[in-house]
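Read the structure below first, then the notes.
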Amino acid sequence: MLSNLLLFICILFSCFIFTAHSYNNKCLLHQETLLLQLKDELIFNSSLSTKLVRWNESGECCKWPGVECDASGHVVSLQLHDEGIYGGIGDSSSLFRFKYLQKLNLANNDFHFDLIPKGIGSLTYLTHLNLSYAGFRGQVPYEISFLKRLVSLDISSRDAFYFKTISVVHPNLEMLVQNLTELRELHLNGANMTSFHERENRGNITSSHLPNLTTLSMVGCILYGPLPKSIWQLHSLSILRLDETDLSAVSLHDLFTNFPSLTTLTLSGCRLKGSIPTSFASLTKLIHVDMSYNSLTGSLPSALFANLTKLIHVDLSSNSLAGSLPSTFFEGLSNLVHLYLEQNSFFGNIPCSLFALPSLLELDLRYNRFNGTFQLENFRSLPNLTSLRLSSNSLSVYVGNTNSSSYGGRKLKELCLSLCNLSSFPDFIKHLDLVTLDLSKNLIEGEIPSWIWGTQLDVLDLL
Ligand SMILES: *[C@@H]1O[C@H](CO)[C@@H](O)[C@H](O)[C@H]1NC(C)=O
Ligand SMILES: *[C@@H]1O[C@H](CO)[C@@H](O)[C@H](O)[C@H]1NC(C)=O
Ligand SMILES: *[C@@H]1O[C@H](CO)[C@@H](O)[C@H](O)[C@H]1NC(C)=O
Ligand SMILES: *[C@@H]1O[C@H](CO)[C@@H](O)[C@H](O)[C@H]1NC(C)=O
Ligand SMILES: *[C@@H]1O[C@H](CO)[C@@H](O)[C@H](O)[C@H]1NC(C)=O
Ligand SMILES: *[C@@H]1O[C@H](CO)[C@@H](O)[C@H](O)[C@H]1NC(C)=O
Ligand SMILES: *[C@@H]1O[C@H](CO)[C@@H](O)[C@H](O)[C@H]1NC(C)=O
Ligand SMILES: *[C@@H]1O[C@H](CO)[C@@H](O)[C@H](O)[C@H]1NC(C)=O
Ligand SMILES: *[C@@H]1O[C@H](CO)[C@@H](O)[C@H](O)[C@H]1NC(C)=O
Ligand SMILES: *[C@@H]1O[C@H](CO)[C@@H](O)[C@H](O)[C@H]1NC(C)=O
Ligand SMILES: *[C@@H]1O[C@H](CO)[C@@H](O)[C@H](O)[C@H]1NC(C)=O
Ligand SMILES: *[C@@H]1O[C@H](CO)[C@@H](O)[C@H](O)[C@H]1NC(C)=O
């Protein structure tokens with residue numbers, strides 16, 4: 001009997017839900033009024049705006065561009081990035097009266113170097129807050145720490161050089177995020193975490209504060225001294241970006257073993273020293289790695305990539321890496337799209353496993369010491385290659401006994417063969433439509449063939 005009653009109530013209830021859903025996204029009048037007030041308050045360049053300019057009384061406000069409502073008609077998402085907003089925004093702005101707001105994106109605007117308004121702390125339903133490159137500067141208000149449902153926070157800024165950056169000093173990062181336990185993504189690029197007086201305030205965040213954090217991006221943060229050790233405890237990170245941060249005191253082995261789940265690791269310009277340890281080979285989930293512009297030395301472990309078969313993007317350029325690469329070095333990297341090894345001191349033959357990477361689009365080996373002879377024909381097995389840069393090695397490149405027509409249909413757009421001991425114009429170029437061609441510093445003599453100009457050639461160097 002009781003269960004029958006319950007069933008009846010359930011049916012009634014789901015019927016109610018069904019009715020409620022049929023009113024889905026019906027704009028509530030007070031929400032529409034609030035949206036129009038907000039539009040009035042914001043100062044924006046109407047020739048850059050694509051959303052705000054189109055907000056008006058005609059039509060359903062939940063369908064206005066950049067606006068989303070929940071089933072009961074409350075605005076839950078405002079995507080106002082790239083809207084040419086250039087005025088400030090006060091604590092009493094209508095923005096802070098959208099009590100049910102879950103997602104707010106104000107990225108890429110120009111809020112005139114204003115502080116982030118404290119009013120933001122009243123939007124306690126926020127799960128996604130994106131204030132990146134919005135022209136805010138100065139200390140991030142304490143009120144951000146009230147947003148306990150935040151899953152994603154992006155307060156990246158730029159112009160650190162002109163002191164127009166976001167600061168996370170008082171309160172420091174630990175105070176701001178320690179209660180934001182749901183946080184998965186934290187982007188603090190360009191943030192100032194330096195207090196000259198209290199040197200320990202440098203962004204102490206631990207996995208006990210943020211158990212679910214998987215993305216941490218701190219590109220070009222202003223830090224006084226090295227990163228706090230606590231960051232090494234965020235073992236479940238899958239995306240870690242620390243470019244332009246001083247990691248000269250960091251052990252790469254510790255870094256690679258502390259973050260076993262990394263899919264993206266970018267450490268460009270971090271003053272990394274020493275050689276790449278074999279523990280790198282255990283990051284089997286890695287898809288994107290950038291360790292360019294460091295002072296890495298030594299040769300690469302011979303089976304470095306053996307188990308890193310998910311790699312799509314590898315950039316080790318502009319270091320002092322040396323040694324020869326075994327011919328099997330790139331075997332199995334069937335997803336690799338970009339490979340940048342330029343500006344190092346690698347020598348020996350170009351490993352032939354390179355010619356069996358079906359997905360390869362860009363290969364840059366310039367400014368190394370690769371030597372020996374090299375048959376350009378090898379690259380015929382890479383039909384989708386768009387950029388091939390072999391300049392300034394000690395190679396003697398042979399264009400070979402090519403059957404020109406078999407080069408037809410290739411997608412090569414950029415070919416750099418400066419200083420490659422070429423003695424004639426490689427005539428397979430006829431069949432390509434290059435944008436960039438560098439044949440400088442070779443032994444080529446005679447007239448420039450007319451076919452060299454192609455239809456879209458932009459850069460030509462024959463000197
Ligand atoms: C609005 O943007 C356009 C295009 O960038 C620019 O030419 C114009 O000067 C801007 N107007 C104002 C008032 O900033
Ligand atoms: C009002 O908004 C609609 C759709 O958002 C747009 O097509 C129309 O041009 C707008 N009208 C005015 C006067 O801005
Ligand atoms: C913030 O918004 C900008 C512009 O839409 C976007 O490029 C960026 O990826 C966003 N950040 C996050 C964490 O989603
Ligand atoms: C960083 O913040 C501190 C404390 O607010 C301030 O003294 C310092 O000038 C800021 N540095 C930069 C580069 O903005
Ligand atoms: C974090 O939450 C605790 C308990 O709710 C509270 O005592 C503390 O003041 C909060 N800290 C911040 C920075 O919000
Ligand atoms: C972390 O994420 C898991 C799975 O999504 C969730 O169940 C858990 O509640 C989250 N933990 C915290 C502290 O938010
Ligand atoms: C960092 O946070 C942890 C955990 O709250 C704490 O034990 C440690 O003392 C803090 N370290 C610094 C330098 O503040
Ligand atoms: C690759 O994985 C296999 C199987 O897990 C393992 O035996 C081998 O040692 C790994 N190789 C490297 C270089 O890590
Ligand atoms: C080349 O690109 C085409 C189109 O993007 C794709 O279908 C094809 O599978 C690619 N070939 C190889 C060998 O990856
Ligand atoms: C390539 O350079 C290495 C190191 O300088 C040298 O040992 C080797 O003989 C050279 N190989 C060729 C084919 O010139
Ligand atoms: C350069 O090419 C010429 C023939 O075109 C060859 O005789 C010479 O050995 C090559 N030089 C080097 C360093 O391989
Ligand atoms: C050149 O290659 C094409 C396509 O692979 C083939 O049909 C043709 O017979 C070849 N010509 C010569 C002279 O080998």
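Remember, it's 1-based here, ligands and their atoms both numbered in the order they're listed. FYI, side chains are in, hydrogens and waters are out, and symmetry mates aren't considered; it's all heavy atoms of this structure. In this chain, numbering begins with 1 at the start of the sequence shown.
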dist Leu186:CG -> Leu173:CG (nearest 0.5 Å) comes out at 6.0 Å

Before we go on, tell me: are the rings of [X] and [Y] under 6.0 Å apart, centre to centre?
{"X": "Phe305", "Y": "Phe329", "result": "yes"}
{"X": "Phe379", "Y": "Phe355", "result": "yes"}
{"X": "Phe280", "Y": "His253", "result": "no"}

for atom 3 (C) of ligand 10, nearest protein heavy atom and its distance come out as Asn371 ND2, 3.4 Å

Atom 2 (O) of ligand 9: closest protein heavy atom, distance to 0.1 Å, is Asn384 ND2, 2.3 Å

In ligand 11, the atoms that come under 4.0 Å of a heavy atom of Asn421 are 1 (C), 2 (O), 3 (C), 8 (C), 10 (C), 11 (N), 12 (C), 14 (O)

Taking [atom] as the reference point, report whether a protein heavy atom occurs under 4.0 Å from it.
{"atom": "atom 9 (O) of ligand 10", "result": "no"}
{"atom": "atom 14 (O) of ligand 11", "result": "yes"}
{"atom": "atom 5 (O) of ligand 9", "result": "no"}

Does the pair Glu342 and Arg389 meet the rule for a salt bridge (Lys or Arg N to Asp or Glu O under 4.0 Å), with working shown?
CA-CA 9 Å; Glu342 73 271 21; Arg389 303 179 208 135; 5.0 Å; no

Exercise for review: Would you kindly say whether the two SG atoms, from Cys62 and from Cys27, are closer than 2.5 Å?
Suggested key: no

Looking only at non-hydrogen atoms, the one of Ser359, Pro358, Ser334 nearest atom 12 (C) of ligand 9 is Pro358

Quick one: does Asn319's side chain have a donor or acceptor within less than 3.5 Å of a partner on Asn294's backbone?
yes

Do any N/O atoms on Pro383 end up under 3.5 angstrom from N/O atoms on ligand 9?
no

Geometry only, no angles: is Ser396 polar-contacting ligand 11 at N/O separations under 3.5 Å? yes

